[in-house]
Each structure stands twice: as structure tokens, then as C-alpha cells.
Amino acid sequence: MDLSEHQRLAVQHAQSILSDAGLSVSDLDYSPTTSTRSLTPTTLNTSPAALSVALLPSTEPSQIVQASNYIPLPACQFTADEISQNAHHVNRQTTVDAIVEHPLGAIMEYPETGSVMGQAIVHIFSISANYITHEFDIPKASFQYLFGDGHGGWENILCHLLRDSTDGKPVKCNRISMFCKGLKACSSNTDTFINATHSYTHQAHISELITLTRAFSPADDSAEHEVFTKTFAFFCGLKVHDCSFRTSTEFTDFNFESDLDDSNIDPNDYERALVTPTAVSSRSPMSCSGNLIMRTDKYNQRFIQCEHCSHADRAHLILWNLQEFNINYLQALLAHDIAAIVIHEECAEHCGYGPLVPCDFVALPVEHKQTCGGNSAGMLECGRLLKWEHDCQSKFDIFVPVNLVAVPRIAIVCCNPHSHPPSAPIKTPPPLVDLFRSLLMNMDWELADATPGHILCNSGFMRGLRTALGWTLDHSPTLANLHPSLANLDHVHRLMYKFHHDKYPMGTSFQGAKLLVDKENELPHHACYVWCAETHTLPGGVDFHLIVCMSPLMSHHLLLACRVSIDTSFKHLHGWQEFEIEAWDNNHMRSLTGARAFINLQSAQAHLVLFCRIFSITSEDTGTPVSFKHIHGSGYESVVADAHMGQGLGLGMFCSELSKNIKTPCIYEPHHKLCDLTPYNHLRRFYRLCIVHFKRNLWPLQSQVSKEVYNAMLSLSSSDAHPNFQRMLSVIRGGSQKAEAWLKDKLQTNKFTLPTLYHPVSFIPEDIWCACQTTTNGNEQAHRNINHDGMHLTLLGGIMRG
């Protein structure tokens with residue numbers, strides 16, 4: 001239905017009123033006067049004008065986020081008339097005192113229970129199928145309580161609180177009964193805290209316990225508090241590790257005063273790092289057990305040292321730079337001066353901090369925490385988490401219809417108050433988990449390298465998070481804005497690990513790449529990109545892993561090129577090297593990638609396999625075999641690369657394979673047949689070295705040789721003949737040992753290097769030499785995204801980033 005301008009303005013005005021009241025369009029289907037009292041679903045007729053509200057641009061949160069912010073009304077007591085009509089009966093024997101009916105999709109984390117023993121409250125939930133699993137979400141999965149000690153269940157029993165919408169009769173249900181298992185509390189809590197109970201709370205109340213913006217006293221952030229805490233924590237660390245010096249001999253008694261004279265101490269002689277690989281519980285019997293004492297040097301500087309430290313045995317612990325601590329309190333702790341310790345700690349307790357302040361830390365029994373992370377009152381050890389002193393008597397009976405499709409409603413009866421405070425929301429409700437999953441899955445291939453910290457820097461993920469939250473503020477939201485439990489990055493990492501495994505069941509390394517190849521093989525030929533993920537056994541029994549990535553269009557570009565460059569990146573992937581072949585496109589004035597590959601070895605044999613696979617795929621895509629100008633009369637005229645020996649020799653070996661059956665004389669050396677050329681002979685006819693790499697590798701020698709020698713080294717890279725080539729070599733040999741070793745590497749070790757730099761000893765024609773690129777900048781261009789995408793990525797992430 002098309003709306004008039006007047007109607008559209010009215011709809012926008014209504015939308016503004018709802019937004020100001022904290023409501024959304026979905027709340028129009030919910031009426032407290034009917035839904036909290038009715039036990040059957042209510043269907044409302046919605047006009048086209050009302051439906052169009054949802055179609056207007058809005059900054060409202062998603063329905064799931066709105067559902068997670070749902071605050072239920074307190075339970076409504078049954079009236080005398082309803083009781084007389086048995087409307088409060090669950091079955092013939094069990095009754096409830098109050099009822100709360102929740103709207104469709106509402107996320108309830110802290111269901112209201114009876115406020116006194118024996119009181120029962122029933123919650124009626126309307127549910128729908130999950131859009132991912134297509135199964136019904138049970139509201140219990142969102143509860144923040146831990147359940148156990150169940151008494152089994154009953155099947156096919158009638159529940160009078162749930163009725164069929166067609167005939168109004170009670171529905172057959174499966175019943176599950178269970179008790180709340182309470183909390184674990186710190187051993188140094190107070191009686192007031194341990195006797196706390198609750199029956200009604202909601203997310204808004206709980207958030208006050210965990211939000212960073214809750215009110216705190218000025219002493220919480222005072223300088224005195226900071227110094228006291230650092231001093232106490234430092235002393236606790238010293239008590240755990242002590243000296244920790246390990247020795248194989250017994251300690252001998254000596255006169256401390258005579259052995260260690262303060263006036264002779266030099267802080268530079270003793271200052272060393274505190275390295276303590278083991279704690280007291282696992283310390284070797286041979287570890288030093290000496291006491292730590294505080295001393296003062298002749299400059300009135302305090303330091304801590306082991307009592308066994310002396311001029312004769314200086315390996316024991318000694319610590320300087322104690323200026324940031326409360327020296328008087330630290331000295332009292334080290335000397336075990338009870339009177340002085342009490343003065344400092346009672347003063348801290350009066351200000352609301354320190355080890356004498358009771359701890360109110362709690363955790364669910366399912367959490368693996370064994371200690372609270374703080375210190376027990378009056379003790380130098382972390383408080384132990386113990387089972388709650390009072391067993392929680394809160395009981396939950398869950399009635400699930402046998403046919404949820406026909407009756408998509410669930411009744412949960414909650415009896416008796418909880419005998420403990422409400423726990424922090426450490427569990428993420430399943431609907432929010434699904435929302436988080438969908439946000440991550442929208443990252444597509446970027447999920448392969450996603451981490452809890454990385455996703456907050458991903459523009460796509462953050463855009464989705466802003467949309468889901470209806471975020472309009474200038475600063476970016478955090479995961480905690482979605483749900484407080486997501487502030488725990490370990491919890492987020494666990495969820496991401498599960499999603500990651502669902503998307504990449506074989507992982508993101510080589511096995512994942514092989515699975516990707518299998519999926520690519522199902523695509524049309526023109527859409528294939530990842531052609532192979534293979535393992536080749538090289539001479540010596542070494543396994544060489546190879547992944548080749550190139551589209552048919554890349555194959556055509558590679559085959560049509562005459563002058564190419566090759567290079568390898570070592571930083572992009574973790575444990576893998578990224579190899580690329582580039583060619584310059586004169587028509588579009590840009591470099592084009594002809595092939596990408598990922599390898600785990602850099603040997604000549606590995607590169608031979610690499611070139612064989614790349615060019616065989618090229619031939620398969622184009623129907624034309626690869627050719628080199630010096631062998632076939634057409635094809636590749638030149639190849640520019642760095643000075644890597646394995647890369648160059650591997651390409652020379654590939655050319656030898658191409659020409660092994662060609663007995664035609666070489667056009668540059670007619671007395672040699674092409675089949676008789678060695679790999680180095682082949683490289684002499686088309687291979688060139690990148691000048692940038694050459695000069696960059698030569699630069700460190702500039703300060704170790706004379707200017708004349710350095711210039712002679714640079715002059716090796718030339719297209720013109722030297723007037724006296726042998727004299728130039730003699731100048732380099734006589735420069736220094738490093739200069740002589742450098743020249744030996746160019747002439748003997750890497751035999752192909754000199755012809756790639758000095759044209760007079762190369763067989764490359766002069767016009768081809770001049771037309772050839774002198775650098776591998778095209779490849780470096782292709783690698784420019786490394787710093788944007790990140791370094792040391794997974795193999796699968798590196799493949800898909802292509």
C-alpha cells in the first residue's frame with residue numbers, strides 16, 4: 001500500500017514516540033493487559049500502515065538485541081476468581097502463585113522465583129525455530145544459573161498452563177525437574193554476604209555489578225591505594241619465588257656483616273633480572289631457601305637481597321630500584337614486624353582496600369577458577385573458592401510440549417528463592433551467540449585469521465555490530481555492548497574457535513588448502529583459482545608442500561608476457577613462503593600477477609617442481625606450451641629475480657627439462673646443442689638480477705671497505721664493458737677478506753650471478769637487455785598489502801587474500 005505524505009509523517013511521528021519510550025514496532029503485538037493474564041497465544045490484526053513502520057529507515061537495534069534487553073514485569077498474582085476456576089493449576093496436584101507471560105523471542109537470563117519458601121511462579125515463553133539450526137530454542141539455555149541434582153523427568157503428562165489454541169485443552173508435555181547449584185564464594189567473605197538471597201532481578205540490575213561506570217569512592221583511585229597495592233603485590237611475588245637460586249652445594253654459614261660491607265656495594269655489580277621459572281610448590285630441593293632482607297647502601301638507596309648473597313657468592317637474588325613502593329610497609333613485611341604491618345593494613349582497611357577487606361568474589365560452579373585472584377583477609381595467599389555454605393533450594397520444573405510445532409510455548413515453574421546473590425552473566429544466550437556468529441560469518445575469508453582483537457579493527461564486522469546494536473554514538477561499540485559475557489576475551493576466543501572449526505573443518509593450514517582445492521574442482525573451469533595442494537617427496541626424503549593459485553585469465557596474461565619478474569615474500573604467512581610471477585602490462589601501465597604459489601622449501605629441486613606445475617597449469621588453461629626465446633625462438637625473453645640461488649638454479653633446471661630432447665644448436669653458441677646446455681648456461685641467456693636487491697645487499701659492506709673497492713663492486717652491474725675488467729676484479733679481491741668473499745660468491749658459488757649483472761659476459765641480446773626491467777618492483781607492489789592484511793597469516797587466509 002502506498003502511503004500519502006500525511007500518512008508517512010504520522011508513521012514517522014509514531015516511530016519517534018515509540019523510540020523515546022524505549023519501545024519498538026515489535027512491542028505493538030504485546031499488551032500487558034491481555035498477555036500477562038492469558039494462557040493462550042493472542043493474534044492481532046496489523047494494518048498495512050503499521051507494517052510500513054518497519055520498512056522506514058531506522059537506527060533501532062536488531063530484534064535479537066531488543067529481546068536481550070527485555071525487562072519483564074514482576075509476576076502477577078492470581079486473583080480469587082482465577083483460583084476458584086483452577087487457572088493456577090499446573091496439574092491436579094501442583095499449583096502456582098503467580099504468572100509471567102513473555103513475548104515471542106524474549107531472552108530471559110534471571111527468571112523470577114518465589115520470594116519465600118513454597119511460593120511458585122510460572123513463566124510462559126512463546127518460542128520459534130532457530131534460523132540457523134531450525135530447531136526450537138529452549139529458554140533455559142539463556143539462564144545464567146547452573147542446574148543440577150535433577151530428579152529425572154516425566155513424559156506425556158498434561159500441563160493445564162499450556163493449552164491447544166484450537167480446542168483449548170491441556171497439552172501433553174515432557175517435564176524436567178532440577179535445582180539451582182548455587183555459587184562458589186571466596187573463603188574470606190562476610191556473613192552478611194553469605195546470607196544474601198534473591199528472587200527477582202534482571203539484566204539491568206546485574207550490569208551494575210560489572211560495569212566500569214558504577215560509582216566508586218575517591219579512595220579507589222587514590223595514589224595511596226595504588227602504592228599500597230603495588231607494594232603488597234610485589235611482596236606476595238617475593239614470597240612465592242624467594243631467591244630461587246639453584247645450587248648443588250650446601251650453603252655455609254658466614255659472618256654477614258664482615259662479608260658484605262654496604263660501603264663496597266656497587267649496584268651495577270648486582271642488578272639482574274628476576275628469573276623464577278618455578279613456584280614454591282614445584283621448587284627443586286636444591287633451590288636457595290635464604291630469607292630476603294632489606295639493606296641500604298652508602299648512597300642511602302634501599303635494596304633487597306638474599307641473606308646468602310656475598311662477594312664470594314653473588315648469584316643470589318638482589319633487587320634495586322624500589323622507589324615506586326612503600327618502603328616502610330615493604331620493610332615491615334620482609335622483617336615480619338607484626339605491629340608495623342597491622343598499622344599499615346588497618347589504615348588501608350579504613351580506606352576500603354588491602355588484605356583485611358573481606359572479598360565478595362563469586363563464581364558459578366561450572367567455572368574452572370579455584371581462587372579469587374585476590375588475597376584472603378589477613379593472609380598472603382589467594383582466597384580459595386568454596387561451595388556456597390547454604391544449598392540453594394530454588395527448583396525449576398520445565399514443561400515442553402510433545403508437539404512444539406503445534407504448540408510453540410514452554411512453561412517453566414520456579415519455586416523458592418535463591419540462597420545466594422545473583423551471578424554475573426558469564427553465559428552468552430544462544431540467540432546472541434547466533435547473532436555473533438552471523439557477524440563473524442559475514443567476514444567471509446577474513447575469518448581465517450580473525451582474533452578477538454582483530455575483529456574490532458575489521459570495518460565489515462564493526463559495521464554489522466553497529467547495525468545490530470542500533471549504534472548512533474561517534475565512538476565504536478565493543479563486544480560487551482552486545483552482551484557483558486563477551487567482555488571475557490577467553491570466552492570470545494572459545495566461541496570463535498567453534499565457528500572457525502565449523503567454517504574450516506580441516507583447519508587453515510595445508511589440509512584446509514586441500515579441502516579448498518576439492519571445492520574449487522566442483523566449480524566451472526573459468527571460476528577455478530586454487531589449482532593444486534600437493535606434496536612432493538624430493539631427493540633426500542624431504543616433503544615439499546606446494547599450493548598453486550592462478551585463474552585462467554592469469555594463465556593467459558602469463559603466457560602472453562615476454563618479460564617477467566619473480567619474487568618471494570617471507571613475511572606474509574606463518575611457516576610458508578609466497579611466490580609470485582609478475583609481468584608489466586603496457587596497455588594499462590600496471591603490473592599483473594601471472595601466478596601465485598605457496599611453498600615450504602626454497603631449494604633448487606623445490607623450485608623445479610614449482611615451475612613445472614605452474615607452467616603445466618598455464619598450458620592446460622591456454623592449450624599452448626610454455627616457450628623461451630633462446631630455446632624455441634619465441635616466448636620469454638628475460639626473467640628478473642633476486643639473487644636467491646635455489647630460485648635461479650631451479651628455473652635453469654626447468655629450462656634444461658624443456659630442452660633435453662632438442663638437439664638444435666644454440667643460436668648464441670652454435671657449437672653447443674640446446675640439449676647439452678647446463679642450468680647455468682640457460683640462465684646466462686635470459687636471467688637478470690634485480691639491481692635494487694644487488695645494491696641493498698651490498699650496502700652493509702660500504703663501511704667495511706674503501707670507497708674505491710665499494711665503487712668497483714657497484715660497477716659489476718653494468719651494460720657496458722669495463723676498460724680493464726681483470727684489474728677491477730683485483731681491486732675487489734685486495735679490498736678486504738669480506739670483499740674477497742663477496743666476489744667469490746658472485747663468481748663461484750652463485751655461478752649465474754655475474755652474467756645477470758654484467759652484460760658483456762651474458763648472452764642476452766643488447767636490445768632485450770635494455771628492454772628488460774631492472775628491478776622486481778612489480779612483485780614488491782603485489783606484496784604491498786602485507787602490512788595492511790597483517791604478517792604471519794594462516795595459509796588459508798593468505799590464499800584467499802589473493
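Computed from a prediction, not measured in an experiment: that's the story for all the values here.
Note on ring orientation: taking the six-membered ring where Trp is involved, the planes of F232 and F228 are parallel (angle under 30°, cut-offs 30° and 60°). A parallel orientation is assigned to the rings of Y353 and H225, their planes being inclined by less than 30° (bins at 30° and 60°).
Neither side chain, T79 nor D81, offers a donor N or O lying under 3.5 Å from an acceptor on the other. Side chains of S62 and Q66: a donor-acceptor N/O pair is absent below 3.5 angstrom, by distance only. Judged purely by distance below 3.5 Å, without hydrogens or angles, the side chains of T451 and H493 never pair a donor atom with an acceptor atom. Under the 3.5 Å distance criterion, with hydrogens and angles disregarded, no donor-acceptor pair is assigned to the side chains of Q119 and N416.
Every side-chain contact (heavy atoms from CB on, under 4.5 Å) that A106 has, sequence neighbours left out, goes to Y70, H102, P103. Residues meeting the side-chain contact (heavy atoms from CB on, under 4.5 Å) test with K427, sequence neighbours left out: Q144. Shown here are the ring-ring contact (aromatic ring centres under 6.0 Å, His included) partners of H344, two or more places apart in sequence or in another chain: Y329. Legend: residues meeting ring-ring contact (aromatic ring centres under 6.0 Å, His included) with H483, ordered by chain and number and at least two apart, are absent. By the salt bridge (Lys or Arg N to Asp or Glu O under 4.0 Å) test, D502 is found to be paired with R437, K498, residues two or more places apart in sequence or in another chain being considered. Applying the salt bridge (Lys or Arg N to Asp or Glu O under 4.0 Å) criterion to D97, with sequence neighbours excluded, gives no partner residue. Listed by chain and residue number, Y145 satisfy the ring-ring contact (aromatic ring centres under 6.0 Å, His included) test with Y110 (two or more places apart in sequence, or in another chain). I138 pairs by the side-chain contact (heavy atoms from CB on, under 4.5 Å) definition with K140, I410, not counting sequence neighbours. For V405, the side-chain contact (heavy atoms from CB on, under 4.5 Å) criterion is met by F136, N403, not counting sequence neighbours.
When every heavy atom of S485 is checked against every heavy atom of P425, the shortest pair comes out as CB-O, 3.2 Å. The two residues A87 and F78 have their closest heavy-atom pair at O-CE2, 3.6 Å. Taking both residues in full, the closest heavy atoms of A120 and T95 are given as CB-O, 4.2 Å, listed atom of the first, atom of the second, then distance. Minimum heavy-atom separation, A98 to A75: CB-CB, 3.6 Å.
I341 CD1 to F235 CZ: the interatomic distance, rounded to the nearest 0.5 Å, is 6.5 Å. To the nearest 0.5 Å, atoms NE2 (H198) and OG (S394) are separated by 7.5 Å. How far CD1 of I64 is from CG of L435: 5.0 Å, rounded to the nearest 0.5 Å. In this structure, the separation between CD1 on I412 and NE2 on H123 is 8.0 Å, given to the nearest 0.5 Å.
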Please list every donor-acceptor pair under 3.5 Å in which a side-chain atom of residues 167-174 meets a protein atom from a residue at least two apart or in another chain.
unit_1: D167; atom_1: OD1; unit_2: K169; atom_2: N; d: 3.1
unit_1: N174; atom_1: OD1; unit_2: N156; atom_2: N; d: 3.4

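Residue pairs meeting the salt bridge (charged side-chain N to carboxylate O under 4.0 Å, His left out) criterion with at least one member in residues 447-473, sequence neighbours excluded: D449-R801. Residue pairs that meet the side-chain hydrogen bond (donor to acceptor under 3.5 Å, both in side chains) test with at least one member in residues 469-481, sequence neighbours left out, are T478-N481.
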> Which is it for L479 and F436 under the side chain to side chain contact (heavy atoms under 4.5 Å, CB included) test, yes or no, and what are the steps along the way?
Replying inline: CA-CA 9 Å; L479 293 177; F436 182 45; 3.9 Å; yes
